Amino acid sequence: MAQPAAPPPTALEQGCPIRVEHDRRRRQFTVRLNGCHDRAVLLYEYVGKRIVDLQHTEVPDAYRGRGIAKHLAKAALDFVVEEDLKAHLTCWYIQKYVKENPLPQYLERLQP
């Protein structure tokens, strides 16, 4: 009996760059994985007129450890900087990212 064909490689396996998309209406940053079937996501909410709460980052188990969450965190923090917002960091991963990347433009926008 013939072996089933292996699934086609994902964008990450092909060495394609990770592309973060920002959906302002849904207040989320996403990275599509394996075509459109899987995705990594970072969720945020406005908690004041110029304050966002970066709430949650989630990467499917099969894609963890590949730096995807770093791309999401950077995109979200760059959005905070570009829009001149303040950020509250509920998400533990984004707290960790800021500690590992203590850029002044990020640190000056953090809310306690």
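All values derive from a computational prediction rather than experimental measurement.
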Problem - Within 6.0 Å of CZ in Arg19, more than 12 heavy atoms from elsewhere - result: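 Atom CZ in Arg19 is not packed in, count stays at 12 or less.
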Which heavy atom in [X] sits nearest to a heavy atom in [Y], and how many Å separate them?
X: Ala40; Y: Pro60; answer: CA-CD, 4.1 Å
X: Ile94; Y: Ala73; answer: CG1-CB, 4.3 Å
X: Thr57; Y: Ala69; answer: CG2-CB, 4.0 Å

With hydrophobic residues grouped by side-chain heavy-atom distances under 4.5 Å, do [X] and [Y] end up in a single group?
X: Leu33; Y: Ile18; value: yes
X: Leu43; Y: Val47; value: no
X: Val98; Y: Ile51; value: no

Within a strict 4.5 Å, meaning less than it, do heavy atoms of the [X] and [Y] side chains meet?
X: Val20; Y: Thr30; answer: no
X: Leu42; Y: Cys91; answer: no
X: Leu54; Y: Thr90; answer: no
X: Val41; Y: Phe29; answer: no

Spatial distance of atom [atom1] ([X]) from atom [atom2] ([Y]) [nearest 0.5 Å]:
X: Tyr93; Y: Lys70; atom1: OH; atom2: NZ; value: 5.5 Å
X: Leu72; Y: His56; atom1: CG; atom2: NE2; value: 11.0 Å
X: Leu110; Y: Gln95; atom1: CG; atom2: CD; value: 9.5 Å
X: Gln28; Y: Glu58; atom1: CD; atom2: CD; value: 11.0 Å
X: His71; Y: Arg66; atom1: NE2; atom2: CZ; value: 12.5 Å

Practice task
Determine whether the side chains of His22 and Tyr44 contain a donor N or O and an acceptor N or O closer than 3.5 Å.
Solution key: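 Tyr44 and His22 do have a side-chain donor-acceptor pair below 3.5 Å.
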Practice task
Ignoring hydrogens and angles, tell me if any N or O in the side chain of Arg64 forms a donor-acceptor pair with the backbone of Val59 under 3.5 Å.
Solution key: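 Flag set: sc Arg64 to bb Val59 pair under 3.5 Å.
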Determine all donor-acceptor pairs shorter than 3.5 Å in which one atom belongs to a side chain in residues 75-86; sequence neighbours excluded.
unit_1: Asp78; atom_1: OD1; unit_2: Tyr106; atom_2: OH; d: 2.7
unit_1: Asp78; atom_1: OD2; unit_2: Lys74; atom_2: NZ; d: 2.5
unit_1: Glu83; atom_1: OE2; unit_2: Arg24; atom_2: NH2; d: 3.4
unit_1: Asp84; atom_1: OD1; unit_2: Arg109; atom_2: NH2; d: 3.4
unit_1: Lys86; atom_1: NZ; unit_2: Glu108; atom_2: O; d: 3.1

Handout entry: Stepwise side-chain contact (heavy atoms from CB on, under 4.5 Å) check, His88 with Val52
Key = CA-CA 6 Å; His88 179 75; Val52 293; over 6 Å; no
